[in-house]
Amino acid sequence: MVLRFLLLPITGPLMGVTWIGEKILEHASTEIDDKENLSKQLLALQLAFDMGEIPEEEFEIQEEALLLAILEAEQEGTGLEE
């Protein structure tokens, strides 16, 4: 315990940098997962349309919503905002 307090000036900043790195990695992983999920939903929608399970009008509405969500996720990921 005493040794830990003596080494705190050295280990403290290292632990802080490690924590920040983990949070950045966690945030990046979440963004990638969101994009992948949206892409999978778009693929499933296309498949449902191709199999005749949904009408063309509904397909176009849902496709537009998914494409806008993908575009928004990409803009958030690159830091571009209009």
Can you name the residues that form a side chain to side chain contact (heavy atoms under 4.5 Å, CB included) with L67, not counting sequence neighbours? L42, E63
Taking side chain to side chain contact (heavy atoms under 4.5 Å, CB included) as the definition, give me every residue that meets it alongside T11, ordered by chain and number, with sequence neighbours left out. L7, L8
Members other than [X] in its cluster, when Ile, Leu, Val, Met, Phe, Trp, Tyr link by side-chain heavy atoms under 4.5 Å?
X	answer
L6	V2
L68	none
L14	none

So which pairs with a foot in residues 14-26 pass side chain to side chain donor-acceptor pair (under 3.5 Å), sequence neighbours left out? none
Residues 43-62 vs side chain to side chain donor-acceptor pair (under 3.5 Å), sequence neighbours excluded, gives Q46-D50, E58-Q62
side-chain contact (heavy atoms from CB on, under 4.5 Å) partner of L38, chosen from L66, L43, L71: L66
E64 atom CD, neighbour heavy-atom count above 12 within 6.0 Å: no
For residues 28-66, pull every pair meeting ring pair (Phe, Tyr, Trp, His ring centres under 6.0 Å), keeping only residues two or more places apart or in separate chains. F49-F59
